[in-house]
Protein chains: 2
Amino acid sequence: MRNLLEIQEQLLPDLMNTLKRRYSILHQIKLSGMVGRRTLASSLSMTERVLRAETDLLKAQGLIEIETLGMRISSAGLCLVEELEPVMNELFGLVELEEKIRQAYGLRKVVIIPGDSESSPEVKRELGRAGARTLLSFVEDGDTIAVTGGSTLAEVAEQMSSLPGGGPLRSTWFVPARGGLGESMEIQANTIASKMAKRVGAEYRLLHVPDLLSEDAYQSLVQDQHIQEIVDVIRRCRVIIHGIGDAMEMARRRKLDEGSIQNLQADGAIAESFGYYFSEEGEVVHKMLTLGLRLEDIMRTETIIGIAGGQGKGKAIHAVLKFGHEDILVTDEAAALELEKEIDAAI
Amino acid sequence: MRNLLEIQEQLLPDLMNTLKRRYSILHQIKLSGMVGRRTLASSLSMTERVLRAETDLLKAQGLIEIETLGMRISSAGLCLVEELEPVMNELFGLVELEEKIRQAYGLRKVVIIPGDSESSPEVKRELGRAGARTLLSFVEDGDTIAVTGGSTLAEVAEQMSSLPGGGPLRSTWFVPARGGLGESMEIQANTIASKMAKRVGAEYRLLHVPDLLSEDAYQSLVQDQHIQEIVDVIRRCRVIIHGIGDAMEMARRRKLDEGSIQNLQADGAIAESFGYYFSEEGEVVHKMLTLGLRLEDIMRTETIIGIAGGQGKGKAIHAVLKFGHEDILVTDEAAALELEKEIDAAI
DNA sequence: CTCTATCGGGCCGTAAAATGTCCCAGTTAA
DNA sequence: TTAACTGGGACATTTTACGGCCCGATAGAG
């Protein structure tokens, strides 16, 4: 059975926030010994009135004692804080880890969900939900959103049914970031883009490019007017959401020949994302021959959301983050812990 | 460490209510299969609009699926209900037991707090809190409230600091139900009445009657005008809150002589309350010689709140409830389970 | 086919709660 | 004494919750 708190959080989405808030207050009162409302409010950076509502409740629950010279934790409150301490450390652990990773790679936001999506389908689903929520929180109507393929992105699309993102996004466009890359149908960028669009009532356009293009075919496709049109749309996207893969695994999945794989390995390719292969240091060491977003488009895109989870993805995520153009990272605990190792090793 | 649930009930009492509500909804949807909003609202006796807010949230959480022909629980929702079932039974368990006891003895309200107040001081404190909360919820300004002695009532008084019972009760009177009964100072009715009054900003009057009155002394006290005055006030009380004791224990505590104790035992005295001794069938088999509430006063009092806890009190509580003039019972889980045995045995 | 009952969802005015921001009387320490 | 605190009361304003109604869609009965 999963953690009771995680189960409850499905029914009470703001349970964690409230729990955290009240615990922090109680904890702070414990540390301060005897403290007044205003002092406490400023040290917790809350407004006086909000704090007051909470302390009234804590008092009604008998967890604190309020006297004329301030508030003090009661024995019941002390007992509760001590019992809750390990639980809260575990919970806040991820929050702190989020902040650590955010700082280390200079990201705008990091979201970590508990668990390992590699070993548990439920966690993978949660990762998808978190990705969907995050994506929608950054999208405004009228945006163009480029998405890549991959099983994680497929899960994001799956979980995207009318989350609390407000009204329908009627003039929003979902497009694949790059052409077809030899994935199975369900996890192709095209499929995912169209699914996402349908889920939130948005529009979509597809880019059908055969896999394993010859140079000649590529050149002629580039000239094609219809293709140019959609590629232009893709390049003007405001948001990118993309998965992150292990380089070798992706190469094998795309059925590259043995020679190319050895080349990649020689070049130190660790990670793959939007058709580019990255080295441990975040340098692009190889790229797929297909249409869509180019590096310069990626660099100037306003919001880039990377999403990947599982312990084995740690190094790959690190490599892509080193590339330095990510804004948001959505991952799971297992991968985040690997990232933490990389960060600590770099010091 | 205590159960996480108990901790949450202390820190998040409001959220636990919504947890129960949402669980009930989800559970009902599960049972109903495919059900419409209005149908569901009436079967849960909620207004349509409130239910809607909840189902919107459940949908956003992916726990139910909403289609044109109704709502259905999703696989995630089903999974959650199953995982939460034992937890919720624990939460709801006492509610059902409350109702069972309420019906069995024809009471107006039953409050059961988890645990055994006999073996845990924390539970005893909680029992006091519950008693205080219950008492205040039935009191209106202007009432006269008669209280008895006993350690449980002392705890009620202790926990009565300005609970959310609204404004101060300036014209409310707290009085002892009967004269001093040979208890130690802290748990005497007089002490408790005055403490309660001070806690909620009410008035109080005391009744000082020495223990172990001789018949002569009793007769002269009855004639005393000051005493008559306060006794009149006591007899006009609108609310009584009283503890319930084991007959033999009380007799010993009051230092009755061996003969009286054997008499009590011969008469089948099981319980004691407001100076009266009750048999298993709820008949009064003996009474203390002191002033204050008489049986006829008790019978016409509007609201009588009995409070007692601990496994050993089960039979005593049963006896007093059989007496048939209780309205409210506040007890703990251990005593309630004993009561349940009595109820089941009576069938 | 039509009719009817029921579905989810949109909408709106009001009631209630949450919140920010004061002030006040009391207490303590200097 | 003063100055700096305290908790609690009060109030205007914003935000949210709520009740109640209507609407088009849809499925099943006839």
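We name chains A, B, ... by the order of the sequence lines, and we start the count at 1 in each one.
- One can place CG of A/Leu51 at 11 Å from P of D/dT6, the figure rounded to the nearest angstrom.
- Not a single donor-acceptor contact under 3.5 angstrom links the side-chain atoms of A/Arg52 to the base of C/dG20.
- For the pair B/Met196 and B/Val147, the minimum side-chain heavy-atom distance is below 4.5 Å.
- A/Asp56 has its CG atom 13 Å from the P atom of C/dT19, to the nearest Å.
- Residue B/Asp14 contributes atom CG, which lies 20 Å from atom P of C/dA16 at whole-angstrom precision.
- In this structure, the CZ atom of B/Arg37 is 15 Å from the P atom of D/dC22, given to the nearest Å.
- As a whole-Å value, the separation of B/Arg38 CZ from C/dT4 C1' is 15 Å.
- One can place CG of B/Leu57 at 13 Å from P of D/dC18, the figure rounded to the nearest angstrom.
- Phosphate contact (OP1/OP2 of D/dG7, side-chain N/O of A/Lys59, threshold under 4.0 Å): absent.
- The side chain of A/Thr47 approaches C/dG20 more closely than any other nucleotide in the set C/dG8, C/dG20, D/dG7.
- Under 4.0 Å is where a charged nitrogen must lie from a carboxylate oxygen, and between A/Arg22 and B/Asp14 at least one such pair does.
- The CZ atom of A/Arg49 sits 12 Å away from the C1' atom of D/dG7 (whole-angstrom rounding).
- An OP1 or OP2 oxygen of D/dG7 is reached within less than 4.0 angstrom by no side-chain nitrogen or oxygen of A/Thr68.
- Using a 4.0 Å heavy-atom cutoff across all strands shown, B/Glu67 reaches sugar-phosphate atoms only and no base atom.
- For B/Thr39, the side-chain atoms get nearest to C/dC7 when compared with the rest of C/dC7, C/dG9, D/dG19.
- Side-chain contact check for A/Leu51 versus A/Met46: some heavy-atom pair is nearer than 4.5 Å.
- For the pair A/Leu127 and A/Gln159, the minimum side-chain heavy-atom distance is 4.5 Å or more.
- In this structure, B/Glu48 atom CD and C/dC7 atom C1' are separated by 11 Å, rounded to whole Å.
- Put simply, the side chain of A/Glu158 does not reach to within 4.5 Å of the side chain of A/Arg125, judged on heavy atoms.
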